[in-house]
Amino acid sequence: MRWLRDLCLHALSVTNSRILLSHGLEAQGPLDGNKYRPNPSPTAASLDTPDYFNTEINDFAGPTQTGDAPWMAQTNIAPFNGASYIPNTPLETQVPILHNPHNHNIFQRLANLSPYFPNPRGFGVNEYPVPPGANVSWLNMVHRHGSRYPEFSGGAAERTLGKKIMDAKGNYKGHGPLSFLNNWKFMLGAEILVPNGKMELFNSGTLHYYQYGHLYPNNGSKIIARTTTQRRMLESAEYFMAGFFGLGWTQNATLELIIESDDFNNTMAGYKLCNHSSWAMARNARDEWIDVYLADAHARLRSNISGDLDWTIMDTYNAQALCAYETVGLGFSHWCGLFTYEEWEGFEYSLDIGFSAGAGFQSPVGRAVGVGYVQEVLARMQHHVITSPAAQINVTLDNNTVTFPTNQALNFDFSHDSNILSILVAFGLTQFNKVLPTTHILKDREFVLSYLEPFAGRLDIEVINAPAPVSSKRSGTHVYEEGPPTSYVHFVLNQRTIPLGKSLKECGNRDDGWCEFETFLEVQKKQIELADYDYACFGDYADPKYGDIKDGRPIREVEREEAENLEL
């Protein structure tokens with residue numbers, strides 16, 4: 001059976017009409033013939049379906065591990081001492097936190113590990129409705145996967161801490177607030193969605209139906225939605241589609257799976273085809289802040305452990321992450337109540353520093369990683385395919401209207417937190433570019449990761465058609481001005497408007513944060529150039545120090561010399 005499948009795959013590659021999904025032959029980067037070794041599919045149907053539309057092939061699903069089943073029932077510690085009982089929904093988040101007089105919710109301070117919540121403060125602009133006579137005519141959504149177990153990748157810090165504690169069982173004893181350690185077990189799986197993550201995506205699909213259901217033609221045709229081959233990415237897309245269309249969503253949409261693996265072109269995991277990375281620099285900057293904000297908490301935790309358990313400050317830090325992961329995976333975590341509210345603010349800020357340096361404007365590849373996706377959005381807006389190699393775009397797929405439709409009013413894509421952050425950078429949203437100090441929390445920062453990319457975060461890009469120019473002063477009495485029909489672009493991140501004029505001055509200082517459509521397209525040509533993709537991802541330059549980069553791209557020597565001359 002394997003030889004038959006290989007023969008079919010060879011035939012597909014020869015015809016180029018059903019080529020292996022995610023490595024456009026025209027694309028940059030090495031193609032190692034030994035990298036792709038597909039397993040035979042058990043279903044005959046897969047022989048008739050191009051791999052990019054076959055959701056049963058799991059060759060690139062990534063490592064996964066199912067965790068232990070939760071058990072809270074009536075055995076958890078709620079109601080907490082001195083607090084009335086509040087039923088879990090389904091997570092237990094009513095955990096008493098020290099030094100929290102205003103009863104703020106720490107589960108909205110967990111940065112990219114926060115369960116989804118709408119941005120509570122917005123991005124600096126009021127929300128305005130679509131005016132009478134106007135309508136949303138087009139949507140491009142890019143959505144992060146839902147809440148998940150911790151990863152195997154990146155050092156697997158939380159899993160390493162869990163193993164360290166379990167391996168030392170019987171050699172140490174926890175006291176006071178750490179008494180729970182004496183009976184604690186590491187129960188978390190890895191990589192895949194937890195039940196709350198599935199619910200987040202289903203709820204988002206339902207919300208998007210109420211927002212944009214009118215854009216589905218409902219004429220018997222199917223839209224194409226794109227995700228990656230990772231299991232949590234596939235399932236996130238499936239749960240979203242079930243929320244939007246119902247359990248029979250396969251009658252309304254076809255999922256296109258794009259390979260997520262090193263050296264494969266994939267704009268929803270753009271870092272996979274970029275030779276440079278700034279995550280080591282990001283971790284160093286984060287660790288500087290950890291030594292500042294966690295000193296007291298670390299001393300406190302160490303004083304409540306006796307015996308042979310070498311508890312480091314990074315263990316204290318990873319204990320905060322375990323609070324986040326156990327809460328979404330098991331419903332409740334004892335780790336959460338060990339830290340003060342100020343220390344939870346410090347945890348959030350540590351990830352703000354890390355992600356701004358690893359994927360944002362403080363990264364030399366911040367723009368480059370997201371620029372391919374920006375080019376795809378612009379191509380969709382202008383209703384054309386992409387014919388020439390650019391960034392990490394898969395030209396094989398994007399030059400084909402079967403796999404890259406140009407006239408869909410609904411476009412649904414699924415991606416990762418850091419990739420979506422780089423997409424925001426590539427669009428040139430410089431309101432998020434301020435360098436974050438590692439000595440104290442910058443209180444007035446716009447870059448708050450909890451608001452930008454919680455689990456199941458999503459960016460909705462709307463095109464709004466109006467019968468006349470919409471007044472930039474929406475707070476006034478006149479909605480429309482004299483003039484022809486006009487279209488606008490509207491960015492909505494986690495249900496709040498990003499004011500495009502705050503970063504892209506050509507868009508103007510509008511009350512509603514919109515940008516005139518043609519102006520937006522013109523501005524984005526410059527943003528694509530600024531990404532400097534080839535040099536950023538494959539150029540010969542030294543790794544920068546934290547704070548050197550402020551515009552999401554590497555500094556070329558000529559720019560450095562010009563800057564030094566200006567200073568002189």
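Just so it is clear, the values below take in all heavy atoms, side chains as well, and ignore hydrogens, waters and symmetry mates.
Note that OG1 of Thr396 and CD1 of Ile386 are 12.0 Å apart. Values are rounded to the nearest 0.5 Å. The distance from atom CD of Gln108 to atom OH of Tyr451, rounded to the nearest 0.5 Å, is 7.0 Å. Atoms CG and OG, on Leu436 and Ser350 in that order, are 11.0 Å from each other to the nearest 0.5 Å. Taken from OG in Ser487 to CH2 in Trp514, the straight-line distance is 10.5 Å, to the nearest 0.5 Å. Interatomic distance, Ser236 OG to His416 NE2, rounded to the nearest 0.5 Å: 9.0 Å. The line from CD1 of Ile106 to CZ of Arg109 is 11.0 Å long, rounded to the nearest 0.5 Å.
Remark: Phe123 pairs with Phe432 by the ring pair (Phe, Tyr, Trp, His ring centres under 6.0 Å) rule, at least two apart or across chains. Residues meeting the salt bridge (charged side-chain N to carboxylate O under 4.0 Å, His left out) test with Glu127, sequence neighbours left out: Arg496. Remark: His104 pairs with His102, Tyr341 by the ring pair (Phe, Tyr, Trp, His ring centres under 6.0 Å) rule, at least two apart or across chains. With sequence neighbours excluded, no residue forms a salt bridge (charged side-chain N to carboxylate O under 4.0 Å, His left out) with Asp460.
At a cut-off of 3.5 Å, with distance as the only test, a side-chain donor of Asn219 or Ser221 sits close to an acceptor on the other residue. Side-chain atoms of Thr387 and Asn399 include no donor-acceptor pair closer than 3.5 Å. Using a 3.5 Å distance cut-off with no hydrogens or angles, the side chains of Glu506 and Thr519 do not pair a donor with an acceptor. Side-chain polar atoms of Glu200 and Ser147 form a donor-acceptor pair below 3.5 angstrom. Side-chain contact of Ser450 with Glu348: a donor-acceptor pair under 3.5 Å is present, judged by distance alone.
The two atoms that bring Leu442 and Pro437 nearest to each other are CB-CD, 4.0 Å, heavy atoms only. Closest non-hydrogen pair, Ile224 versus Val402, comes out as CG1-O, 3.6 Å.
The environment of NZ in Lys222 is crowded: more than 12 heavy-atom neighbours from other residues, nucleotides or ligands sit within 6.0 Å. No more than 12 heavy atoms of other residues, nucleotides or ligands shown are found within 6.0 angstrom of CG on Asn509.
Contact check on Arg144 versus Asp417 returns a salt bridge, with a Lys/Arg side-chain nitrogen under 4.0 Å from an Asp/Glu carboxylate oxygen. Taking 4.0 Å as the cut-off between side-chain N and carboxylate O, Asp413 and Arg380 count as a salt-bridged pair. Salt bridge Arg231/Glu235: present, at least one basic N to carboxylate O contact under 4.0 Å. Salt bridge Glu151/Arg232: present, at least one basic N to carboxylate O contact under 4.0 Å. A salt bridge is defined here as a Lys NZ or Arg NE, NH1 or NH2 lying under 4.0 Å from an Asp or Glu carboxylate O, and Lys272 with Asp263 fails to meet this definition.
Side chains of Phe107 and Ser114 form no contact here, defined as non-hydrogen atoms less than 4.5 Å apart. Side-chain contact between Val435 and Gln362 is present, with at least one heavy-atom pair separated by less than 4.5 Å. In this structure, Pro90 and Met199 have side chains that are in contact, with non-hydrogen atoms separated by less than 4.5 Å. In this structure, the side chains of Trp138 and Asn465 stay at 4.5 Å or more apart for every pair of heavy atoms. Using a 4.5 Å heavy-atom threshold, the side chains of Phe427 and Ile461 count as touching.
Geometrically, Arg458 engages Tyr116 in a cation-pi contact, judged by NZ or CZ lying under 6.0 Å from the ring centre and within 45° of the ring axis. Cation-pi contact between Arg148 and Phe455: absent, since separation from the ring centre below 6.0 Å together with deviation from the ring axis within 45° is not met.
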Begin with the C-alpha distance, continue with both residues' side-chain angles, and end with the deciding distance and a verdict on side chain to side chain contact (heavy atoms under 4.5 Å, CB included) for Asn140 and Glu376.
-> CA-CA 10 Å; Asn140 188 102; Glu376 288 181 327; over 6 Å; no

Working for salt bridge (charged side-chain N to carboxylate O under 4.0 Å, His left out), residues Arg367 and Asp532 | CA-CA 8 Å; Arg367 287 180 181 265; Asp532 203 2; over 6 Å; no

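Under the side chain to side chain contact (heavy atoms under 4.5 Å, CB included) test applied with Arg553, the options Asp551, Ile549, Ile555 reduce to a single match, Asp551.
Among residue pairs with one or both ends in residues 225-248, those qualifying as ring-ring contact (aromatic ring centres under 6.0 Å, His included) are His143-Phe240, His208-Phe240, Tyr209-Phe244, Tyr216-Phe245, Phe240-Phe412, Phe240-Phe414, Phe244-Phe412; sequence neighbours excluded. Within the structure, the ring-ring contact (aromatic ring centres under 6.0 Å, His included) test picks out the following pairs touching residues 351-376 (sequence neighbours left out): Trp279-Phe355.
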